Chemist: 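This structure is in structure tokens; I'll ask about it shortly.
In what follows, every chain begins at residue 1, and chains take the letters A, B, ... in the order their sequences are listed. Keep in mind it's a predicted model, so treat the numbers as computed, not measured.
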2 protein chains.
Amino acid sequence: MHGDDRPAVTIEHVARAAGVSRATVSRVLTGSGPSSADAGQRVRAAAERLGYTADPVARALVHGRGTRLVVAVTSASPTELVDCPYVSRVVGSTAQRCASEGLGVALQWLPLDAPEPTLDALARDRSVAGVVLVNTTRRVLDAVPPRLVGRVASIGAGSPTVPLVDVDTSAAAAALTAHLLSTGRRRIAMLAGPPWLPCAERPVTAHRAAVRAAGLPERVLAGDFTAESGRRGAVEALRRWPDTDALYAICDETALGAIQALRALGRRVPEDVAVTGFDDLPLAAFSGPALTTATHPVEQIAARAAGSLLDRDRTTVTLFPSELVVRQSA
Amino acid sequence: MHGDDRPAVTIEHVARAAGVSRATVSRVLTGSGPSSADAGQRVRAAAERLGYTADPVARALVHGRGTRLVVAVTSASPTELVDCPYVSRVVGSTAQRCASEGLGVALQWLPLDAPEPTLDALARDRSVAGVVLVNTTRRVLDAVPPRLVGRVASIGAGSPTVPLVDVDTSAAAAALTAHLLSTGRRRIAMLAGPPWLPCAERPVTAHRAAVRAAGLPERVLAGDFTAESGRRGAVEALRRWPDTDALYAICDETALGAIQALRALGRRVPEDVAVTGFDDLPLAAFSGPALTTATHPVEQIAARAAGSLLDRDRTTVTLFPSELVVRQSA
DNA sequence: CTGTTAGCGCGTTCAT
DNA sequence: ATGAACGCGCTAACAG
């Protein structure tokens, strides 16, 4: 009735069945030590026949490795985690990458205004094999406990002790801005992300540089990645700079919100105002008009971040390329 | 240099600091046995001061509980897991629900044409605390090993031994169909899911019943949840039934694909043909035209499925309500 | 090349 | 109410 009828075949059973000691079974199966071809054969056969699987828990205990990789997301409130597609994608890919190692993935909220206690708790928790930081702020980077160094990677922003894995947002911003410029846009406003988010700075810097190089005015409005932020941003941009002929949004959601507001204001997209996004979400091709954007290989990035932790890779910065996707909105 | 400077405060340290035995510390902290108020006080203080956290790994080992909850997804190929937003949402919510219990989440692929070996392996793996089945087929349900019973739940389709958690797709299908009917549509074609997927049957049945009750013809085309399937379905529907005035799609992606094909064919949406979806994806409001659909609380469902495993809840069927969202496409 | 011994950190009997 | 001893399943160190 408990579903607890576990005949749970252990290493002991395999050892007995193969007529060897547990140590030999362990050596054979992990390949961690010498073993005769004969014993190896018998052990492997017995293990196969009994359906033996080494218990990752016991293994983790002796190795002190931990059994889960934590995806730690910094945000103002925990509810943002629940329905943020970006976070879901990261967690999903991480889980897939960790599956082969017998590791699970946990999702942890890091309070924007007080990440330190949680970070310390993670560092102390011996079941934590590693931590992948998402939406990383400088405060979080500064608060990474020494014990965590070597077991932590960050998506979005790194530091001397925290390796960074991300998409090359600078190149993407340059490409997107160049596209707008090459199609004749001259009064571009950027609907940016939160100023306090390091990973949101790179595209702003790149965009500003591109616009400045073209001898055009730099127009940047802060936002927060949401569609609502795009709506407000579009209205505000047109109020401050009525001659705006292009909106470069920090992400697809913001771009879609901007398009919605633009239309409500009676502006045609892209005729009057061109709009670009970033992420190339699955549904970006179906918006009205279809969104011009750039790809964001979140799955690859997350898998790489997890992989670098598991492999103890020391690479400081890993940037994945982004590809321009030209559709109708710009 | 290894980041392995773990002073790792264990129960032993707390015991010494509090001047008691490890057993007492354990009893106090887990509340699993008697303890004097005095000792309790000292232990708690010491634990707090040293920043002690019981190692979930060791704890899991002694309890034999496992350390991860596996989300097992049935599909034709493993690549489908990587970029399926639905799976990501399930994994993300599950991870969040499991975090408080110190459990991680793993993502496991179940080959559509041979799920048995993998299922058996999961049953044997002692680190598996439970399994949440996604996209469940009958074959998978039949192959659930006895050892897994009581530690498994399914999203989409259940069985006498496997509890079901899902959205009330029947009610949603009825509501969506009723909406089409009430707005004057009389020649409705359904763009359905794969016939072999149990969870895709419920909406079909409900839709057929609603249409039949209205004395209208039942028109159903098989598909597979993708946008491409929607494009093909729309073309095929118009070829077979040129008088079609509404398309009821199994999900938002399929609906968007259908709209795209419809427009390419010169049909106006919703004037000539109304289109409805299902899921209410975050971007459904931004399509052209904005999609009429119904909500799908995936996050709640996943959290509930995980929760029922952790709480050893025995409820056989749990259905979450879906809400109609009327926009422009129908 | 192999078996024996000794823990990993914790919960849980047993005595007391 | 408390402490000593044992065991969860496994790997690492040491003999042989």
Chemist: Between R65(A) (CZ) and dT11(D) (C1'), how many Å, whole number?
Modeler: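 After rounding, the reported distance stands at 11 Å.
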
Chemist: Are T24(B) and S21(B) close enough that a side-chain donor and a side-chain acceptor fall under 3.5 Å?
Modeler: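 Side chains of T24(B) and S21(B): pair found under 3.5 Å.
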
Chemist: Would you find more than 12 non-hydrogen atoms of other residues, nucleotides or ligands less than 6.0 Å from E12(B) atom CD?
Modeler: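 Yes, enclosed.
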
Chemist: With sugar-phosphate meaning primed atoms plus P, OP1 and OP2, does V20(B) contact a base, only sugar-phosphate, or nothing at under 4.0 Å between heavy atoms?
Modeler: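 Sugar-phosphate contact only - V20(B) comes under 4.0 Å of backbone atoms but never of a base.
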
Chemist: For T137(B) and W196(B), does a side-chain donor sit closer than 3.5 Å to a side-chain acceptor?
Modeler: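 Their side chains do not contain a donor-acceptor pair, so the 3.5 Å distance test is not met.
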
Chemist: May I ask you to say what A60(A) touches in the nucleic acid, namely base, sugar-phosphate or nothing, with a heavy-atom cut-off under 4.0 Å?
Modeler: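 Nothing, no heavy atom under 4.0 Å.
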
Chemist: Give me the distances for all protein-to-nucleotides 10-12 of chain C N/O pairs that come in under 3.5 Å?
Modeler:
| residue | atom | partner | partner atom | Å |
| --- | --- | --- | --- | --- |
| dC10(C) | OP1 | Y52(B) | OH | 2.7 |
| dC10(C) | OP1 | D55(B) | N | 3.2 |
| dC10(C) | OP2 | I11(B) | N | 2.5 |
| dG11(C) | OP1 | R59(B) | NE | 2.6 |
| dG11(C) | OP1 | R59(B) | NH2 | 2.9 |
| dG11(C) | OP2 | S26(B) | OG | 3.1 |
| dG11(C) | O3' | H63(B) | NE2 | 3.3 |

Chemist: Excluding sequence neighbours, so at least two apart, what forms ring-ring contact (aromatic ring centres under 6.0 Å, His included) with Y86(A)?
Modeler: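 If we apply the ring-ring contact (aromatic ring centres under 6.0 Å, His included) test to Y86(A), skipping adjacent residues, the hits are H296(A).
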
Chemist: Taking CG from L29(B) and P from dA1(D), how many angstroms apart are they, rounded to a whole number?
Modeler: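 So the CG-P distance, L29(B) to dA1(D), works out to 17 Å.
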
Chemist: State whether a side-chain donor-acceptor pair under 3.5 Å links D38(B) with S36(B).
Modeler: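 Judged by distance alone, the side chains do not pair up.
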
Chemist: Within the 3.5 Å criterion, strictly below it, is a donor on S35(B) or R27(B) matched to an acceptor on the partner's side chain?
Modeler: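 R27(B) and S35(B) do not have a side-chain donor-acceptor pair below 3.5 Å.
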
